[in-house]
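Presented below is the structure to which this report refers.
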Amino acid sequence: MTKAIRIHQTGGPETMVLEDIEVGQPGPGEVRIRHHAIGLNFIDVYFRTGAYPLPLPASLGMEGAGVVEAVGEGVTHLKAGDRCAYASQPPGAYCEVRVMPAKCVCRLPDAIDFETAAAMMLKGLTAQYLLKKTLPPGGLNPGDFVLFHAAAGGVGLIACQWARALGLQLIGTAGSDAKCALAREHGAAHMINYATEDFAARVKEITGGKGVKVVYDSVGKDTWDKSLDCLAPFGLMASFGASSGAVPPFAPAILGGKGSLYVTRQTLFTHIATRESTQAMADDLFEVVASGKVKIRIDQRYPLAQVQQAHRDLEGRKTTGSTVLLP
Ligand SMILES: NC(=O)c1ccc[n+]([C@@H]2O[C@H](COP(=O)([O-])OP(=O)(O)OC[C@H]3O[C@@H](n4cnc5c(N)ncnc54)[C@H](OP(=O)(O)O)[C@@H]3O)[C@@H](O)[C@H]2O)c1
């Protein structure tokens, strides 16, 4: 048996309840992990509210770090006793012990502690595929401007640092002056408080009227329209989240009028569909963290049993950087 957070219906944070559930043996291709730390992510909110449907009752959580207790048939890259971390489907990380597919579970380098790992796998792999694989025609070169919304959040602070390491000029947005200062400390070249400033006008000003090559937009509904106005001709609108709500349907003709723009909606789970791609991306993340170029900032820690409060704070825009839950 293990303690796990589950929902029996979708809705607010109060739908998450702590329960004792059965944990089985790992089957072929599976692994059993005892968590030392669990990552909190905005995607957990989408599952909890039903924006992303799940069969009920459902376990939540997509990111964790701990020790392998047992491996199933055919698993060769892990063994009992290994330190490990993951960002993966299916949901179910909000627990002490779980069985899950092994292909997205990576061995953790000794230099990275469990809390750091739980705080960085989903968010760091996302920053990796955005900045390195979600690119405008011709790619990104040192000195190029990109716009990154919610830059003081979990994914945001990692992206600020990684963009600086790549030589990019990241223009970030955030909802308060304090958050803007934090993102600037972490490598954002320019910050815009989108609660008080017109971010499209400021982007034009900062880029001398040219616009940015890419907008990385996880805010969705509230930022979509103006984000298109921030792009240079042939620029890329990379949508990867909807923390303010889903982007409404739009007419593709708009993209022509605004400079023959490209649009993509990316998800990490396409990028980590295989063991090989997961490991290659994780190695890149481990290296940039071990080098000190990207530091993983954990600004909130909650006991697993207080997950309701953790969700309230995340949705209430009270958090910065990463958040971990401790089993
Ligand atoms: N597609 C993918 O592969 C993928 C992977 C990971 C994460 N994501 C997305 O990336 C985003 C960031 O994830 P995260 O876990 O690191 O969260 P986070 O950035 O730490 O938290 C979300 C932030 O979004 C901003 N925000 C803007 N409007 C909001 C609203 N109406 N309600 C709540 N927050 C709002 C807030 O920052 P301000 O107060 O500064 O506005 C808030 O702190 C989420 O949208 C998530 O779904 C996507």
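Not measured: the values here are computed from a predicted model.
- Shortest non-hydrogen contact noted between Thr207 and Val203 is OG1-O, 2.8 Å.
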What side-chain donor-acceptor pairs closer than 3.5 Å can you find for residues 136-152, not counting sequence neighbours?
residue	atom	partner	partner atom	Å
Asp144	OD2	Asn141	N	2.7
Asp144	OD2	Lys213	NZ	3.3
His149	ND1	Thr173	OG1	2.8
His149	NE2	Ser227	OG	2.9

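- Contacts of Thr278 classified as side-chain contact (heavy atoms from CB on, under 4.5 Å), with partners at least two apart in sequence or in another chain: Cys104, Cys106, Ile272.
- Placement of Leu108 and Val294 within a single hydrophobic cluster is found when ILVMFWY residues are connected by side-chain heavy-atom separations under 4.5 Å, directly or transitively.
- Judged by the 6.0 Å distance and 45° axis criteria, Arg83 is positioned over the aromatic ring of Phe114.
- When the side chains of ILVMFWY residues are joined at heavy-atom separations under 4.5 Å, either directly or via intervening members, Phe234 and Leu228 end up in two distinct hydrophobic clusters.
- Environment of NZ in Lys133: crowded, with over 12 heavy atoms of neighbouring residues, nucleotides or ligands closer than 6.0 Å.
- Between the side chains of Thr267 and Thr270, no donor N or O sits under 3.5 Å from an acceptor N or O.
- Note: Tyr52 and Tyr46 have tilted aromatic rings, judged against thresholds of 30 and 60 degrees for the angle between ring planes.
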Checklist entry - Checking salt bridge (Lys or Arg N to Asp or Glu O under 4.0 Å) for the pair Asp177/Lys179: CA distance, chi angles, key distance, verdict? => result CA-CA 5 Å; Asp177 290 344; Lys179 286 185 178 186; over 6 Å; no
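- A donor-acceptor pair shorter than 3.5 Å cannot be found between the side chains of Asp313 and Thr319.
- Connectivity analysis of hydrophobic side chains (ILVMFWY, heavy atoms under 4.5 Å, direct or indirect) links Val324 to Ile298, Leu326.
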